[in-house]
**Q** 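Take this structure first; my questions come after.
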Amino acid sequence: MDPVNERSEGLVVGVDSGGSGLRIALAGAGGGAVLGTVASREPVRTGAGGISAAHFLEQVLPAVRGLAEPYASRPVVAVAVGAAGMATLGDELRAELPGAFAGAWGVRRVALAADGVTAYAGALGQRPGAVVAGGTGMIALGTDLTAWRRADGWGHLLGDCGGGAWIGRAGLEAAMRAYDGRRGGSVPLLARAEKLFGPAAGLPGALYPRTDRAAVLASFAPEVGRCAGEDPVAADILARAAGHVAEAAAAACPGGPGAVVALTGGLFGMGDALLVPLRAALGELVPHAREVPPAGDPLAGAVGLATALAGGTLRLPEDPALLRVFGGPAA
């Protein structure tokens with residue numbers, strides 16, 4: 001197939017993998033129109049070698065096979081994967097996915113990105129600015145299209161400050177403080193924690209052995225949001241989260257006039273309890289930047305990256321940890 005027909009008739013695959021599961025989209029290479037999606041609530045496992053390529057492929061390859069079955073005559077010409085932890089835990093994915101995709105679909109052009117990059121591409125496309133991606137974790141990423149500026153995204157044990165797992169953990173800590181009778185405790189949060197997880201004394205045993213601990217912590221973040229209107233402890237947790245998010249945005253945002261910041265991800269669906277203090281903090285820490293609504297989500301960003309890669313129009317800068325491109329654009 002010649003390059004022009006390949007772009008117009010071929011298919012692209014976008015994958016968004018995070019702490020709460022993964023989503024897969026099949027789209028047309030010519031314009032990026034999505035033809036079908038599949039979602040899984042099972043997060044990709046992380047082990048001693050980082051993110052498990054085998055577990056990732058166990059979920060993605062059959063899903064794409066099913067999506068592509070009605071389009072059997074159209075080849076997959078590009079794939080883009082955005083994964084939480086790609087920057088620090090993605091060595092196995094970078095080593096194995098390009099070959100696995102080539103073997104499965106004959107695809108030569110593959111982009112492997114941190115989830116912050118796909119969030120950026122979904123929110124702002126390929127223009128300069130900064131994006132804060134908040135979900136189970138939290139990362140801020142900015143670019144002037146020559147280099148990336150990153151802040152946080154270091155996982156729930158070392159960072160992701162202000163993200164869903166951070167908020168959930170802070171809320172559960174406040175619940176346990178109330179259980180003990182220590183200062184800083186929240187009786188409303190204790191009641192919600194016991195409703196969700198059972199008796200408070202059993203929470204460590206229920207939580208610590210979980211391999212999906214970050215997702216479990218993040219599942220409590222909405223409860224903190226629901227309590228914030230009447231509980232000062234919950235409101236303070238969200239105010240502190242807002243400060244952390246704004247600090248990350250300030251570190252990543254390019255300087256100078258005309259900068260834009262977009263907030264993307266399920267975290268910001270918590271509403272005014274988080275957004276009001278966050279916008280106040282952004283006004284203080286990033287006064288030169290204008291907040292804009294995101295154009296799309298990280299899955300849309302993965303599809304956009306794959307489409308740009310297929311068409312030779314990828315402008316976002318490559319980076320050894322944040323965005324690796326394997327194979328060249330269409331000739």
Side-chain angles (χ1 to χ4, degrees), residues 12-25 40 42-61 63-64 78-104 107-122 131 133-143 147-160 163 165 211-215 248 252 264-265 298-299 301-306 308-309 314 316-327:
V12 297
V13 173
V15 183
D16 172 40
S17 176
S20 301
L22 78 166
R23 298 179 299 155
I24 304 154
S40 167
E42 182 181 5
V44 177
R45 290 191 293 266
T46 299
I51 303 168
S52 170
H55 190 221
F56 179 93
L57 291 167
E58 284 173 12
Q59 297 193 66
V60 171
L61 294 184
V64 173
V79 182
V81 174
M86 178 74 79
T88 53
L89 299 171
D91 286 348
E92 189 173 308
L93 296 184
R94 286 185 283 266
E96 298 189 24
L97 293 194
F101 292 151
V107 63
R108 302 185 307 276
R109 296 183 288 279
V110 176
L112 301 182
D115 57 341
V117 171
T118 48
Y120 188 101
V131 169
T136 297
M138 198 285 299
I139 185 172
L141 207 58
T143 183
W148 291 102
R149 300 173 63 173
R150 167 190 170 155
D152 211 338
W154 303 120
H156 74 286
L157 293 179
L158 298 177
D160 285 355
T211 58
D212 58 345
R213 191 163 50 243
T264 185
L299 183 60
V303 171
L305 286 179
L309 186 58
L314 186 63
L316 295 177
E318 290 191 54
D319 179 273
L322 296 176
L323 178 59
R324 288 281 301 277
V325 175
F326 300 82

**Q** Show the nearest heavy-atom pair for residues Ala114 and Met86, with the distance to one decimal.
**A**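 Heavy-atom minimum between the residues: CA-CB, 3.7 Å.
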**Q** Partners of Ala302 by side-chain contact (heavy atoms from CB on, under 4.5 Å), sequence neighbours excluded?
**A**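 Scan of Ala302 (side-chain contact (heavy atoms from CB on, under 4.5 Å), adjacent residues dropped) gives Thr118.
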**Q** Report yes if the side chains of Val325 and Leu314 come closer than 4.5 Å at any heavy-atom pair, otherwise no.
**A**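 A side-chain contact exists here, since the closest heavy-atom pair is under 4.5 Å.
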**Q** State, with a plain yes or no, whether a side-chain heavy atom of Arg23 is found less than 4.5 Å away from one of Pro298.
**A**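 In short, these two side chains touch, coming nearer than 4.5 Å.
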**Q** Within a strict 4.5 Å, meaning less than it, do heavy atoms of the Phe101 and Val13 side chains meet?
**A**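 No, every pair of side-chain atoms sits at 4.5 Å or beyond.
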**Q** Keeping the roles fixed (side chain from Arg150, backbone from Asp152), state whether a donor-acceptor pair exists under 3.5 Å.
**A**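 It does hold such a pair.
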**Q** Are the side chains of Ile139 and Trp154 in touch, meaning some heavy atoms are under 4.5 Å apart?
**A**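 The answer is no, as the side chains (C-beta and beyond) never meet within the 4.5 Å cut-off.
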**Q** To the nearest 0.5 Å, what is the distance between CD1 on Ile51 and CG on Leu112?
**A**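 One finds 10.0 Å between CD1 of Ile51 and CG of Leu112.
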**Q** Which heavy atom of Ala119 sits nearest a heavy atom of Thr264, and at what distance?
**A**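 The pair with the smallest heavy-atom distance is CB-CG2, 3.8 Å.
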**Q** In Å and rounded to the nearest 0.5 Å, what is the OG to CD1 distance from Ser17 to Ile24?
**A**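 One gets 9.0 Å once the value is rounded to the nearest 0.5 Å.
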**Q** Are any side-chain N or O atoms of Thr46 and backbone N or O atoms of Gly50, one a donor and one an acceptor, separated by less than 3.5 Å?
**A**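 Side chain of Thr46 to backbone of Gly50: no pair is present.
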**Q** Are any non-hydrogen side-chain atoms of Arg45 and Thr211 less than 4.5 angstrom apart?
**A**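 With C-beta onward as the side chain, the pair stays apart.
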**Q** Measure across Leu305 and Ala113 and return the closest heavy-atom pair with its distance rounded to 0.1 Å.
**A**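 Smallest heavy-atom distance, with atoms named: CD1-CB, 4.3 Å.
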**Q** Nearest heavy-atom pair of Ala121 and Leu316: which atoms, and what distance?
**A**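 Looking at all heavy atoms of both residues, the closest pair is CB-CD1, 4.1 Å.
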**Q** According to the side-chain hydrogen bond (donor to acceptor under 3.5 Å, both in side chains) rule, which pairs have a member within residues 80-103, sequence neighbours left out?
**A**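 Qualifying pairs, neighbours excluded: Asp91-Arg94.
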**Q** Within the side chain of Trp148, is there an N or O that forms a donor-acceptor pair under 3.5 Å with the backbone of Pro317?
**A**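 Yes, the answer is positive, given that a donor and an acceptor are paired below the 3.5 Å cut-off.
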**Q** Would you indicate whether the side-chain heavy atoms of His55 and Glu42 approach each other to under 4.5 Å?
**A**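 Yes; the side chains approach each other to less than 4.5 Å.
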